[in-house]
Amino acid sequence: MAFWLMKSEPEELSIHDLQRLGQSRWDGVRNYQARNFLRAMTPGDLFFFYHSSCPEPGIAGIGEITAAPYPDPTALDPHSNYHDAKASEEKNPWSALDVSFVEAFSRVISLAELKHQAGLEELALVRKGSRLSVMPVNAEQWALILALA
DNA sequence: GCCAACGTTGGC
DNA sequence: GCCAACGTTGGC
């Protein structure tokens, strides 16, 4: 079992949306490095649900990977914001997977707090210039962040 | 393969 | 809205 962190704009999908829905498809990733991390995920893996591009950016809860990665259907949908004109049924470079709700933290662990937390220096989220939307979290980092919640 | 121009991300 | 940083595109 592995740990991850994935970013979502809460206006699109927040941890509370996921709580209400129970499960959701995680799609729209259009960066190869992030996609490669998606493809490394297996059912049972847990991820921190990060709220980005919002008034209070930070980790808002936990979700679980429930299905192995499959071709991202939004890449083929001309009406989707994530449509990729170069993708086809035969050759779709993008991946999506299914996630389920695990927990909503009683507070958001803010980005500022994560930046100041000793032991998280290597976390891609807080590294200068890093804009990855999907990233690995090691067991030590996971436990450290969980203890802040 | 180089690299300038452009687009995107995402915090502030 | 600004802008730093990174990624992608496309001419050469």
Side-chain angles (χ1 to χ4, degrees), chain A residues 2-21 23-41 45-65 69-138 140-149:
Chain A
F3 300 113
W4 309 91
L5 181 149
M6 299 206 285
K7 297 179 183 175
S8 176
E9 300 189 11
E11 283 195 4
E12 197 163 339
L13 181 77
S14 72
I15 188 70
H16 303 103
D17 294 330
L18 184 59
Q19 180 167 28
R20 182 167 41 79
L21 296 167
Q23 59 169 14
S24 179
R25 185 174 67 205
W26 204 277
D27 55 28
V29 172
R30 294 293 178 270
N31 169 283
Y32 284 104
Q33 201 180 350
R35 182 211 66 182
N36 291 342
F37 286 132
L38 269 191
R39 289 185 176 177
M41 295 179 182
D45 285 359
L46 298 175
F47 67 97
F48 284 130
F49 195 120
Y50 181 90
H51 285 172
S52 68
S53 296
C54 60
E56 198 185 7
I59 296 172
I62 296 174
E64 179 177 350
I65 309 302
Y70 50 85
D72 184 347
T74 64
L76 306 177
D77 178 0
H79 302 297
S80 169
N81 289 334
Y82 303 118
H83 180 237
D84 178 358
K86 286 182 285 190
S88 65
E89 199 78 54
E90 300 73 31
K91 255 198 141 178
N92 183 349
W94 304 115
S95 297
L97 42 68
D98 296 333
V99 305
S100 67
F101 173 80
V102 173
E103 179 182 354
F105 294 155
S106 55
R107 69 184 191 97
V108 172
I109 308 170
S110 74
L111 178 61
E113 187 174 353
L114 294 165
K115 280 181 175 171
H116 287 120
Q117 180 61 44
L120 297 181
E121 295 82 2
E122 299 304 314
L123 185 65
L125 182 75
V126 303
R127 301 213 64 148
K128 185 173 155 58
S130 171
R131 295 180 316 183
L132 265 184
S133 61
V134 180
M135 68 192 76
V137 174
N138 70 32
E140 291 74 23
Q141 293 163 339
W142 181 269
L144 221 162
I145 294 168
L146 204 52
L148 300 173

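The chains referred to below are lettered A, B, ... by the order of the sequence lines, with proteins before strands, and numbering in each begins at 1.
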S.K.: Given atom CZ of A/R127 and atom C1' of B/dG11, what is their separation to the nearest angstrom?
M.R.: 18 Å
S.K.: Taking only N and O in the side chain of A/K115, is any of them less than 4.0 Å away from OP1 or OP2 of B/dC12?
M.R.: yes
S.K.: Do A/E140 and A/E122 come close enough that some side-chain heavy atom pair is under 4.5 Å?
M.R.: no
S.K.: From the options C/dT8, B/dG10, C/dT9, select the nucleotide whose nearest atom is closest to the side chain of A/K86.
M.R.: C/dT9
S.K.: A/M6 has an atom CE; how far is it from atom C1' of B/dT9, in whole Å?
M.R.: 18 Å
S.K.: Using whole Å, what does the distance between atom P of nucleotide C/dG7 and atom OH of A/Y32 come to?
M.R.: 14 Å
S.K.: Give me the atom names and distance for the closest heavy-atom approach of A/D84 to A/P93.
M.R.: OD2-CG, 4.2 Å
S.K.: Roughly, in whole Å, what's the span from CG in A/N31 to P in B/dT8?
M.R.: 14 Å
S.K.: Taking C-beta and beyond as the side chain, do A/M41 and A/V134 meet within less than 4.5 Å on heavy atoms?
M.R.: yes
S.K.: Check the distance between B/dT8's C1' and A/L132's CG and give it to me in whole angstrom.
M.R.: 14 Å
S.K.: Report the nucleotide, chosen from C/dA5, B/dG10, C/dT8, that has the shortest atom-to-atom distance to any side-chain atom of A/K128.
M.R.: C/dA5
S.K.: Could you check if a side-chain atom of A/F49 sits within less than 4.5 angstrom of a side-chain atom of A/L13, using non-hydrogen atoms only?
M.R.: yes
S.K.: Checking only heavy atoms, does the side chain of A/R131 share a donor-acceptor pair with the base of B/dT8 at less than 3.5 Å?
M.R.: yes
S.K.: Phosphate oxygens OP1/OP2 of B/dG11: is one of them under 4.0 Å from a side-chain N or O of A/Y50?
M.R.: yes
S.K.: Expressed as a whole number of angstroms, how long is the span from A/L111:CG to B/dT9:P?
M.R.: 17 Å
S.K.: Rounded to the nearest angstrom, tell me the gap between atom CG in A/N81 and atom C1' in B/dT8.
M.R.: 14 Å
S.K.: Atom CD of A/E9 and atom C1' of B/dT9: how far apart are they, to the nearest Å?
M.R.: 9 Å
